[in-house]
Amino acid sequence: MGSVHAQAGRTAHEVLSDTRSLVEPAMRSAVDTLPESMRHIAGYHLGWWGRDGDTAGATAGGKALRPALVLLTAKATNAIAAAVPAAVAVELAHNSTLLHDDVIDGDHTRRHRLTAWSVFGVGDAILAGGALLTLASTMLADIEPRASRLLGDAMQRLLDGQHIDIAFERESTVDLATCERMSLAKTGALMGCACALGCLVSGGDDERVEHFRRFGEHLGLAFQHTDDVLGIWGDPAVTGKPVYSDLRNRKKSLPVVYALTSGTPEGQELAEVLRSNTESRAELAHAARLVDDAGGRAWSRTQADDLLTHAARTALGVAASGGRSGADDAGDARRPSRSLRAERRNRCPVSTS
């Protein structure tokens, strides 16, 4: 546990590695309490064994970003040991959403191998996702009733964000502010919960818990901007997903919606391309160039940097000092950022049929 205490000078990779070493044994113990059918599917999804339960089929698991946030927040309020079960619960909840996301998106690969639903079937993957979420809620209820409520509230917001994301596929127009609010709920809610839980279980008061939640939500939106860029231009060897996967799925991600609402010739051409049914690599590569030329990639990168800077200078700084927020605090992270509110309010002409 001492390696997590010494944060100064450590790289993000080292912090995440230390988190995995702390959290994974506790998570394995938790998953072992599931019925064998659910344990088998969950363990496969988490990379602990192959489809037949053989450890030779094990692969690297996830990044452990959310449990790292729990532990780092707990460290900021001077207690790590009490936060490990909360970190496990957040990672279980996150993986429950991944199991369901893969079904919804029809993705066949995750972390460089077949998704759970591709191996065990849609029904069993959905059931396993439900089992992980139930286990996470039970763990938090045993720690602190308010902790379970924090997760429940975050999951409700996350599910609402995912619903809006799916609805985008049926809508002919999407505006940038709505897209950002969707991303903030879909990704920011659980990261905000992770930071709030780390503070709560280590004795933080309500005001400090709220400030850490706000910090996590800003961090989550920055993460989503980065993830959306990787969803188009990421190296499959790194992302574990096919190249141009989000464009192939016609995802109205943040850089895509920015391009579509840019009012540029490239944005207008992109709308025409996304209306077509083609999925050839050449056409998808052309669509990616159009997003880039319309400014979508540069905008998402700038937004991610700005959100991280804002989080560090306001919510996290205030929480660490225990003081109250100042007049320049952005307030609830669920509101669009100032840069976003200054963006165009026009709707993008995209058919989802």
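S300 contributes no side-chain N or O that, together with a main-chain N or O of R297, makes up a donor-acceptor pair within less than 3.5 Å. Counting only distance, with no hydrogens or angles, the side chain of D175 and the backbone of A177 share a donor-acceptor pair below 3.5 Å. For the pair S21 (side chain) and D18 (backbone), a donor-acceptor distance under 3.5 Å is present. In this structure, T187 contributes its side chain and L184 its backbone to no donor-acceptor pair below 3.5 Å. When atom types are taken as modelled, the side chain of S17 and the backbone of E14 share no donor-acceptor pair closer than 3.5 angstrom.
Between F120 and H40 there is a side-chain heavy-atom pair separated by less than 4.5 Å. A 4.5 Å side-chain heavy-atom check between D107 and N249 finds at least one atom pair inside the cut-off. By the 4.5 Å heavy-atom criterion applied to side chains, L254 and Q303 are not counted as neighbours. Using a 4.5 Å heavy-atom cutoff, the side chains of M27 and L46 are in contact. Here the side chains of L71 and L22 are in contact, with some heavy-atom distance below 4.5 Å. When side chains are defined from C-beta on, L114 counts as touching R51, because their heavy atoms get closer than 4.5 Å. In this structure, the side chains of R281 and V243 come closer than 4.5 Å at one or more pairs of heavy atoms. A heavy-atom distance below 4.5 Å is found between the side chains of D227 and Q224.
Annotation: the span from R113 atom CZ to Y44 atom OH amounts to 4.5 Å, rounded to 0.5 Å. Between the CZ atom of R28 and the OG1 atom of T33 there is a distance of 14.0 Å, given to the nearest 0.5 Å. Here the CD atom belonging to E36 is positioned 10.0 Å from the CD1 atom belonging to I41, to the nearest 0.5 angstrom. L92 CG to L140 CG: the interatomic distance, rounded to the nearest 0.5 Å, is 9.5 Å. Distance check, rounded to the nearest 0.5 Å: CE of M191 to CZ of F215 gives 10.0 Å. Atom CD1 in I166 sits 10.5 Å away from atom CE in M182 (nearest 0.5 Å).
Annotation for F168 and T178: closest pair CZ-CG2, 3.7 Å, computed over non-hydrogen atoms. Across A294 and G267, no two heavy atoms sit closer than the pair CB-N, 4.2 Å. Nearest heavy atom pair, residue V257 against residue L176, reads CG1-CD1, 3.7 Å. Annotation for S96 and A93: closest pair OG-O, 2.5 Å, computed over non-hydrogen atoms. Across all their heavy atoms, V291 and L270 have their closest contact at CG2-CD2, 3.6 Å. Shown here for A196 and R213, the closest heavy-atom pair between the two residues is CB-CB, 3.8 Å.
Test D246, D165, D228, D101 against K251 for salt bridge (Lys or Arg N to Asp or Glu O under 4.0 Å) and you get one pass: D165.
Electrostatic pairing of E217 and R214 does not count as a salt bridge here, judged by no charged N lying under 4.0 Å from a carboxylate O.
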From CA spacing to verdict: side chain to side chain contact (heavy atoms under 4.5 Å, CB included), V256, L274: CA-CA 10 Å; V256 168; L274 294 181; 4.1 Å; yes
E144 vs L200, side chain to side chain contact (heavy atoms under 4.5 Å, CB included): CA-CA, chis, key distance, verdict: CA-CA 9 Å; E144 152 75 79; L200 176 66; 4.0 Å; yes
Test side chain to side chain contact (heavy atoms under 4.5 Å, CB included) applied to L190 and L151, step by step: CA-CA 8 Å; L190 192 54; L151 178 64; 3.9 Å; yes
Test side chain to side chain contact (heavy atoms under 4.5 Å, CB included) applied to H225 and V229, step by step: CA-CA 6 Å; H225 273 287; V229 169; 5.9 Å; no
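More than 12 heavy atoms of other residues, nucleotides or ligands sit less than 6.0 Å from atom CZ of R250.
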Report, one line per pair, each donor and acceptor closer than 3.5 Å where one atom sits in a side chain of residues 125-139; sequence neighbours left out.
from : atom 1 : to   : atom 2 : distance (Å)
T134 : OG1    : G130 : O      : 2.9
S137 : OG     : L133 : O      : 3.2
T138 : OG1    : T134 : O      : 2.9

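Residues passing the side chain to side chain contact (heavy atoms under 4.5 Å, CB included) test with R111, sequence neighbours excluded: H45, N95, L98.
Grouping the Ile, Leu, Val, Met, Phe, Trp and Tyr side chains by contacts below 4.5 angstrom, directly or via other members, places V103 apart from L99. Note on Y244: it does not cluster hydrophobically with L230, by side-chain heavy-atom contacts below 4.5 Å among ILVMFWY residues. Placement of L34 and W117 in two distinct hydrophobic clusters is found when ILVMFWY residues are connected by side-chain heavy-atom separations under 4.5 Å, directly or transitively.
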